[in-house]
Protein chains: 2
Amino acid sequence: MKPVTLKDIAETLGISITTVSKALKGYPDVSKKTRALVKELAKTLNYKPNAFAVNLRTEESKTIGLIIPEIVHHFFSSVIKGIISQAEKKGYLVIILQSNESYELEKKQLDLLLSKRVDGILISLANGTADFKHLVEVIEQGKPLVMFDKIAKIVKCSKVIIDDRKAAYTATQHLIDTGCKRIAHFRGPLLPQNAIDRFLGYKKALLDNNMVYDPSLVYLFEDMTFEVGEMFAKKIMDEHTDVDGIFVNTDLVAIGAITEFNRQGVKIPEDISIVGFSNWFMSSAITPSLTTINQPGFEMGKKAFKQLYKEMKAKKNKKEVIPKIIELETVLVKRNSTK
Amino acid sequence: MKPVTLKDIAETLGISITTVSKALKGYPDVSKKTRALVKELAKTLNYKPNAFAVNLRTEESKTIGLIIPEIVHHFFSSVIKGIISQAEKKGYLVIILQSNESYELEKKQLDLLLSKRVDGILISLANGTADFKHLVEVIEQGKPLVMFDKIAKIVKCSKVIIDDRKAAYTATQHLIDTGCKRIAHFRGPLLPQNAIDRFLGYKKALLDNNMVYDPSLVYLFEDMTFEVGEMFAKKIMDEHTDVDGIFVNTDLVAIGAITEFNRQGVKIPEDISIVGFSNWFMSSAITPSLTTINQPGFEMGKKAFKQLYKEMKAKKNKKEVIPKIIELETVLVKRNSTK
DNA sequence: GATTTTACCGAAAACGTTTTCGATTTTGTA
DNA sequence: TACAAAATCGAAAACGTTTTCGGTAAAATC
């Protein structure tokens, strides 16, 4: 019933715990004969080292924490998948917490992970997070931390991101290049950096092309849902019939808008061109298929873990780490929602 | 730099480690004065119990393992969210592993969780899993295990499921009730129990209504993708022009089919009625909106954790647990893809 | 004032592992 | 044979906590 321990093996073999431990870990100062004996018995007894004891002794758990705003979300679940896949390769397990876009929860969860003594932390910030003290504390404590996607620029730690501003610029420029004269923007919430950057990219593209930036053409949503897209599409038809292009912060909302435009007989891209963001798999499925910016979630997860891994290793070897900004490439995927 | 320990507090206060520990844990045999003193110092020093030591001593980690076939999947990520939300309430953390629908990986991961000594395990089986020895071993070891959604009926443990057969029966019956005479089925892979059950429910509904069951109307897919739906829709138009209803194993495939039918001018539901499965949020967004079976993922996750929690508590109190089958309600959500 | 009760505290063992360092045995060399 | 070198082993400490059990001091009882 009780799990077998080193002691059990040592006793039945008539040797010391030390030797058993060394034999199993391949230390050189144990003879081939006893090593073989130990390993064999360990296997037949199905010995598994007590992780709790190992953790206590080695002060590491081979476990990392991950805090993410929302799990039920195609982009984020892709990131999670990337993180887990990479972590598994390196023998790390990952504990996932969901902040639900709440700053308070995020703070509490960070604390929880710290008290569980995970070896490192990966985090994507909640929309509600405007204060970063909790993050700074983690770093000051010397615990490896890397942020991804939704980051805080001020905080001194490694980050894996895309250039949201550039990508948004590219998206908007594409609308301009294909003849759009009056371009609206469905933007994300106020606080998160990537919504800000995408908005800024949109604005800059307009100005660089000598087009007027009209704030009334910017529609801000808090929850990104299909229905928001439908609603904003209706608003556009009501309030701004002259709009002939829309850059949307995220595919799901863009698809909602397309659906509504389809319903109302607005022709895409003839009447209105639309560019989304993230290249969700449904964007190639919808009719017309959606031109969008590819946001490599899986890749981002992989890179984020890899960077964290480096920093955990560095910490173990008592080496200094200099924070690194890793920027992933985004590409414009041209489909049928633009000319 | 180093985290503060009970010893640190004890020394600065000039008392024993024992007393500090007891004070913090609210033992009655420590005076109010010292208790207050200890608690205050602990707070100012930001003392956090070393989880590794606690785990070792108490033989529990307040951590559970979760093995899931695929994370990037709306239903499963909803389940994950349900599990995590419930676990957090009870002070449990969850380690997530992804089997990628591979039996080999699933086995390895189960072993990994066991060696990490999680307090309990939640699992949804991979499509490739046909042998259940690895699961039986977990149970024989006395480690609480509950399966959800994709289960093995033979294995003696608690399970949280829906009645796939009944739900499929309801879906098919609805097609029949609305006048469909020749009903096809896009079914899931060969092995997983829920694909089998849904197929059986479909078949039984046909037979109960004195309709012929025609195996050539059953299209089996391995990967559930949008494209599979498109492809099968084409096949139906080629091979079985008389089909006027389809029960599809999963919404995504159904939506692929709808898209293709739309493209080809096949009218839904006039020419062909379609019922999906799972009530993915896009099924209310597509045109026409998809009639489907609601599969409560979040709820399933919650229930699965709750059951596991009961079993973990029972184990702690050395009480026997009798495996429980928890069946969640499914409802037919009528929309516009059926008459 | 003597005795019992209660309140409070701490020593020590235990959880299972890793690792250092010294001890012993074996082998090699002269 | 004597000695050095190499090979092999084990005792013991340490990681930080929890908990049992015994002990002392204070309070209560007579």
Side-chain angles (χ1 to χ4, degrees), chain A residues 1-39 41-42 45-63 91 114-119 315-318, chain B residues 1-39 41-42 45-63 91 114-119 316-317:
Chain A
M1 195 71 213
K2 291 218 92 185
V4 310
T5 67
L6 289 183
K7 198 177 165 192
D8 298 330
I9 297 179
E11 279 172 359
T12 63
L13 246 43
I15 58 179
S16 78
I17 293 175
T18 309
T19 307
V20 176
S21 172
K22 286 192 207 167
L24 289 173
K25 300 197 75 202
Y27 273 58
D29 63 340
V30 40
S31 69
K32 290 202 194 311
K33 211 172 59 179
T34 53
R35 192 205 313 280
L37 237 50
V38 170
K39 283 199 172 174
L41 186 59
L45 290 184
N46 193 25
Y47 167 76
K48 297 214 183 74
N50 184 320
F52 301 154
V54 176
N55 292 349
L56 178 60
R57 179 57 221 235
T58 62
E59 272 300 332
E60 61 168 6
S61 58
K62 293 274 183 186
T63 301
L114 246 30
S115 77
K116 276 281 174 177
R117 281 179 161 70
V118 292
D119 298 343
K315 194 196 169 188
K316 224 170 131 181
N317 301 331
K318 294 178 197 318
Chain B
M1 196 68 213
K2 289 217 93 186
V4 312
T5 67
L6 290 183
K7 198 176 165 192
D8 297 331
I9 297 179
E11 279 172 359
T12 64
L13 246 42
I15 57 180
S16 77
I17 293 174
T18 309
T19 307
V20 176
S21 172
K22 286 192 206 165
L24 289 174
K25 301 197 76 203
Y27 274 57
D29 63 342
V30 41
S31 69
K32 289 201 195 310
K33 211 171 60 178
T34 52
R35 191 206 312 282
L37 237 51
V38 168
K39 283 198 173 173
L41 185 59
L45 291 183
N46 193 23
Y47 167 76
K48 299 217 181 72
N50 183 322
F52 302 155
V54 177
N55 291 348
L56 177 60
R57 180 58 222 235
T58 61
E59 272 300 331
E60 61 168 6
S61 58
K62 293 275 183 185
T63 302
L114 246 30
S115 77
K116 277 280 175 177
R117 282 179 161 71
V118 291
D119 298 343
K316 225 171 129 181
N317 301 332

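Reminder, nothing fancy here: chain letters follow the sequence lines and each chain counts from 1.
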- Query: When the nearest nucleotide of DNA chain D is assigned to A:T34 and to B:K7 on a heavy-atom basis, which residue is associated with the more 5' position?
  - Reply: A:T34
- Item | Nearest-nucleotide 5' precedence on DNA chain C, A:P49 against B:S31 | B:S31
- Output all residues satisfying side-chain hydrogen bond (donor to acceptor under 3.5 Å, both in side chains) with A:K22, sequence neighbours left out; order by chain, then residue number. A:D29
- Item | Donor-acceptor pair (no angle test) under 3.5 Å: A:D29 side chain, D:dC9 base | yes
- Starting at NZ of B:K39, measure out to CG of B:L24 and round the result to the nearest 0.5 Å. 7.5 Å
- Scan residues 14-25 of chain B against DNA chain C and write down, sorted by residue number, each residue with any heavy atom closer than 4.0 Å; if none is found, say none. B:I15, B:S16, B:T18, B:T19, B:K22
- Taking C-beta and beyond as the side chain, do B:L13 and B:V38 meet within less than 4.5 Å on heavy atoms? yes
- Query: Below 4.5 Å, heavy atoms only, C-beta onward: do A:E59 and B:F52 meet side chain to side chain?
  - Reply: yes
- Just checking A:F52: base, sugar-phosphate only, or nothing, at a heavy-atom cut-off of under 4.0 Å? nothing
- Message: D:dT17, OP1 or OP2 - any side-chain N/O from B:Y47 closer than 4.0 Å?
- Response: yes
- Query: Taking the side chain of A:V54 as its heavy atoms from C-beta onward, which of C:dG16, C:dT17, D:dG16 lies nearest to it?
  - Reply: C:dT17
- Query: Touch check for B:N50, heavy atoms < 4.0 angstrom, all strands: base, sugar-phosphate only, or nothing?
  - Reply: sugar-phosphate
